[in-house]
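Every chain is numbered from 1 and lettered A, B, ... according to where its sequence line falls, protein lines coming before strand lines.
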Amino acid sequence: MKIAKVIVDVPANQTDRYFDYLVPEEWMEEDFLQPGMRVVVPFGPRKIQGFIMGISEHTDVKKLKCLDSVLDITPVLTPELLELGIWLRETTLCFLITAYQAMLPAAMKVKYEKEFHIRNSKEIILWKDIENDKKLLPSIQKEIKNGNIEVIYRVKDRAKKKRVKTIQPAIPKEELIEVYNSLATTAMKQKEVIKHFIEQPQKIELQVLLEDLSTTSSPITTLVKKGILLEHYDEVYRDPYEHRSFKRTEPLPLTEEQRNAITPILDTIENKQHAVFLMYGVTGSGKTEIYLQAIDKVLKQGKEAIMLVPEISLTPMMVDRFKGRFGDEVAVMHSGLSTGEKYDEWRKVQRKEVRVVVGARSAIFAPFENLGIIIIDEEHETSYKQEENPRYHARDVAIKRGANHNCPVILGSATPSLESFARAQKNVYQLLTLKGRINARSLPSVEIVDMREELRRGNRSMFSEVLLEKVKDRLEKGEQSVLFLNRRGFSTFVMCRNCGYVLNCPHCDISLTYHKRDYKLKCHYCSYEEALPSTCPECNSEHIRFFGTGTQKVEEELAKILPEARVIRMDVDTTSRKGAHEKLLHAFGQKQADILLGTQMIAKGLDFPDVTFVGVLTADTMLHIPDFRSSEKTFQLLTQVSGRAGRHHLPGEVVIQTYSPEHFSIELAAVPDYETYYCREMLLRKNFHYPPFYYLALITISHPELPKVVDITEKISKFITAKLSNKAIVLGPVASPIPRIKDRYRYQCMIKYKDEPNLGKSLQTLLHHYQQEMSRSELQISIDMNPYMMM
DNA sequence: AGCACGCCGACT
DNA sequence: GTCGGCGTGCTC
């Protein structure tokens with residue numbers, strides 16, 4: 001008797017364990033069922049998906065059920081990934097099933113369907129077709145009771161392989177000629193088809209054949225029926241880069257600095273050692289070439305490589321670079337691909353058809369079994385942290401996998417996160433420094449403009465004199481400018497000048513943003529929107545005014561002041577459509593516009609030769625959000641944005657507008673001086689007990705009723721305080737920075753700690769204690785073991 | 001998560 | 001007396 005240990009697809013505390021199933025006779029054969037395969041199992045009255053965790057001879061369970069079916073012939077999770085899931089459960093406090101689902105492309109998560117089968121009839125009623133039909137439900141229920149209708153639970157695998165129909169001759173050439181001659185002249189099309197195959201007997205895609213002969217499929221079908229032609233379905237990959245060719249590139253000669261940096265990396269590859277390198281190199285210092293050459297070495301060893309980049313910089317330029325060097329060895333994984341395309345790229349990895357993956361966060365789970373290197377570019381980017389369960393940081397997973405495979409992990413950045421740089425200082429990571437820019441390009445000159453001074457001088461617009469002058473200058477010279485503003489929409493809030501009433505979202509404690517394009521007020525946290533009122537809802541005054549500046553408003557102002565300038569605006573609102581992002585960038589690259597105006601998303605990876613001016617409209621928007629990393633983010637963003645100007649033959653200039661020019665994150669980004677910034681910021685972190693001096697855990701409690709939230713948060717804070725040593729700091733209960741979202745009140749409790757071996761267990765107990773209230777009432781408790789979003 | 005079981009109120 | 005509300009517990 002063989003027993004399969006299965007993790008079922010029910011993300012709940014009570015089901016976060018193995019369930020035992022009997023292995024049917026047919027699959028008893030040695031090694032057929034393997035850990036990591038997806039199976040369908042009966043669970044209560046329904047059927048659900050599960051993962052095999054192991055096969056055993058023993059069980060303590062008396063009434064065993066049988067495995068229903070297998071969804072995979074080859075395991076989709078390797079033994080290493082199965083173990084990695086267990087590690088994720090411990091470190092991020094998620095359910096095991098949630099960890100495994102996060103490792104696989106969405107197409108591998110099955111869909112459930114409920115069907116009603118009417119006895120003695122072939123008719124099938126789908127649940128989704130009738131679930132909203134109130135009249136039908138009672139009668140169906142009655143018939144189920146009477147035994148006339150049977151309920152069937154169906155598990156649907158969405159992992160559909162794309163297939164194309166192909167045609168080839170079923171008989172040799174001589175016989176084809178015979179058939180050709182014997183066919184009546186009325187069968188013109190059939191004769192044409194046969195003629196084609198006499199000339200070109202090889203297999204051809206049906207679609208292509210039909211186009212070539214400009215006919216329909218009917219003559220083909222006839223010939224197939226006669227046994228003259230053979231049809232077949234061939235599996236093909238949905239290749240997102242099908243219509244593009246990549247120019248093969250050769251390794252570039254390295255500078256002395258690059259050689260110094262790559263040597264220790266190549267050594268660890270050679271010696272099959274695990275080590276973490278922090279490659280700290282300014283923009284343009286040639287980090288990518290080092291990545292490419294290190295990967296090349298790994299491939300020559302017959303091993304595999306994962307290269308992570310932030311979603312936003314996974315541009316065609318980036319892909320070109322990797323496909324150019326490694327050709328078909330590369331799979332690309334990012335959110336711009338369709339579900340099917342993602343599945344196909346993943347399968348190329350699983351089938352060992354590629355040995356390099358370039359992708360965003362989740363590509364860290366690529367199912368390689370012989371990893372030789374993991375690289376994380378722009379290591380400081382917060383998009384490497386997943387903000388839903390499992391709340392993992394790709395950097396942590398990378399280091400864990402690097403240790404599993406005994407291979408190096410490289411973290412690269414021009415502005416490393418304080419956490420990583422501090423570890424490098426303590427020699428936990430090996431620091432590799434690249435100071436020089438390739439071709440000795442000089443850094444752009446940066447000027448900080450005090451907007452308070454502008455105001456005093458009577459300039460009430462959003463553009464300082466200097467900035468406007470420089471944009472005009474570029475316009476005249478036919479060069480391009482980039483303007484950066486980290487706020488979308490038109491205005492940040494709308495207020496009545498008469499009574500001071502601010503228009504807020506009725507469901508969230510946040511002001512509504514005006515979007516001029518559709519004359520609507522929108523909430524950026526829930527999907528609420530309303531028409532702009534013409535009078536104040538409070539006092540009926542007509543003096544409603546917009547405050548704060550968004551990208552839409554800047555666009556409008558630009559049109560007024562510089563009507564001749566062609567502007568491209570890039571933010572979530574203009575790039576939400578698939579491919580829009582690339583299209584806009586391409587247009588700007590082709591010089592179809594003079595000014596690129598955008599949010600965050602334009603800060604990364606853009607490399608346009610004719611951009612010689614970059615303007616940051618308000619450097620402080622980020623500085624004042626309630627997050628201890630706000631200064632770090634500001635510094636990183638400003639450094640990065642400034643690096644965009646004048647990267648080629650033309651010298652660059654940068655203007656940073658701000659209301660707090662004396663803030664060190666702005667001053668030092670202008671130089672730029674990372675090391676000084678690092679020291680100053682570390683002092684603050686130390687004084688206020690923040691990372692990297694302390695670890696953080698954030699518990700967020702939400703419920704539709706305020707008193708309930710306060711009460712529970714209070715209890716939780718007390719419980720946790722009691723469980724931890726007196727060296728840990730527990731803050732809370734306090735209201736979240738946004739105290740209400742989607743009609744739910746939100747409170748939080750923050751834990752700062754250095755060494756608390758019992759913390760994980762205590763938090764687990766806590767979740768356990770509230771699990772019933774969480775599944776039955778409106779209570780939600782989320783725990784983030786390393787928060788990057790405090791909101 | 002679903003779903004069944006079971007214990008109390010408002011009805012034919 | 002029963003129908004049906006949803007609190008409680010289980011799923012190999």
Side-chain angles (χ1 to χ4, degrees), chain A residues 1-25 27-28 33 35 37-71 82 89 93-102 106 108-117 125-128 130-132 134-135 137-147 149-156 158 388-390 703-705 708 712 767-782:
Chain A
M1 192 168 73
K2 275 194 177 174
I3 310 297
K5 308 274 175 190
V6 175
I7 282 286
V8 294
D9 182 23
V10 181
N13 231 318
Q14 296 142 300
T15 49
D16 193 29
R17 58 186 177 87
Y18 299 164
F19 284 84
D20 293 355
Y21 287 90
L22 196 61
V23 176
E25 241 10 75
W27 302 337
M28 289 281 234
L33 281 181
M37 282 180 171
R38 292 176 308 152
V39 288
V40 175
V41 294
F43 198 67
R46 53 204 179 120
K47 277 179 190 157
I48 57 172
Q49 193 213 116
F51 290 96
I52 296 192
M53 296 299 291
I55 308 290
S56 155
E57 300 285 327
H58 305 282
T59 181
D60 298 328
V61 184
K62 284 174 196 88
K63 42 174 186 112
L64 280 179
K65 283 184 184 174
C66 232
L67 291 179
D68 184 272
S69 54
V70 286
L71 290 166
L82 287 174
R89 167 165 67 178
L93 300 178
C94 67
F95 305 123
L96 200 47
I97 189 71
T98 314
Y100 291 147
Q101 302 288 22
M108 308 232 77
K109 190 172 159 56
V110 300
K111 263 187 180 159
Y112 298 107
E113 255 173 26
K114 193 154 65 167
E115 296 173 349
F116 300 108
H117 289 226
I125 303 168
L126 294 177
W127 167 251
K128 63 171 163 47
I130 56 147
E131 64 182 321
N132 296 321
K134 289 192 180 70
K135 277 174 284 180
L137 290 180
S139 51
I140 288 192
Q141 188 188 40
K142 211 171 283 165
E143 294 307 322
I144 293 172
K145 226 177 201 168
N146 297 338
I149 290 182
E150 195 185 356
V151 191
I152 301 285
Y153 296 86
R154 204 170 278 287
V155 177
K156 277 202 163 172
R158 284 187 293 175
E388 61 197 60
N389 284 333
H703 193 280
E705 290 156 37
K708 185 93 187 161
I712 292 180
L767 283 176
H768 234 267
H769 181 262
Y770 285 102
Q771 66 167 355
Q772 286 181 339
E773 256 190 280
M774 280 163 70
S775 62
R776 299 190 210 307
S777 83
E778 292 273 358
L779 178 67
Q780 266 176 29
I781 300 176
S782 86

For [X], answer base if it contacts any base atom (sugar-phosphate contacts may also be present), sugar-phosphate if it contacts only those atoms, and nothing otherwise; contact means non-hydrogen atoms under 4.0 Å.
X      : value
A:Y153 : sugar-phosphate
A:F43  : base
A:T15  : base
A:K5   : nothing
A:K47  : nothing

Tell me the interatomic distance from [X], atom [atom1], to [N], atom [atom2], rounded to whole angstroms.
X      : N      : atom1 : atom2 : result
A:R46  : C:dT11 : CZ    : C1'   : 8 Å
A:Q771 : C:dC10 : CD    : P     : 12 Å
A:F51  : C:dC12 : CZ    : P     : 19 Å
A:Y21  : C:dT11 : OH    : P     : 10 Å
A:D16  : B:dA1  : CG    : P     : 13 Å
A:I52  : C:dC12 : CD1   : P     : 16 Å
A:I48  : C:dT11 : CD1   : P     : 13 Å
A:Q14  : B:dG2  : CD    : C1'   : 12 Å

>> Is there a side-chain contact between A:K65 and the phosphate of C:dC12, meaning an N or O under 4.0 Å from OP1 or OP2?
In response: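 Affirmative; the distance criterion is met.
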> So, does A:R38 use its side chain to make a donor-acceptor pair with the main chain of A:M108 at under 3.5 Å?
Replying inline: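 It does hold such a pair.
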> Distance only, no hydrogens: is a donor on one side chain within 3.5 Å (strictly under) of an acceptor on the other, for A:Q771 and A:H769?
Replying inline: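 Not at all, the side chains of A:Q771 and A:H769 share no donor-acceptor pair under 3.5 Å.
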>> What's the separation between atom NZ in A:K2 and atom OG1 in A:T59, rounded to the nearest 0.5 Å?
In response: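 Interatomic distance, A:K2 NZ to A:T59 OG1, rounded to 0.5 Å: 15.5 Å.
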>> Centroid separation under 6.0 Å, is that true for the rings of A:Y153 and A:Y112?
In response: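 No, too far apart.
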>> A side-chain contact here means heavy atoms from C-beta on lying under 4.5 Å apart; do A:F43 and A:T15 qualify?
In response: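 Side chain of A:F43 against side chain of A:T15, heavy atoms only: contact under 4.5 Å found.
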> Where the side chain of A:V10 is concerned, which of B:dC3, B:dA1, C:dT11 is the nearest nucleotide?
Replying inline: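 Within the option list, the nearest is B:dA1.
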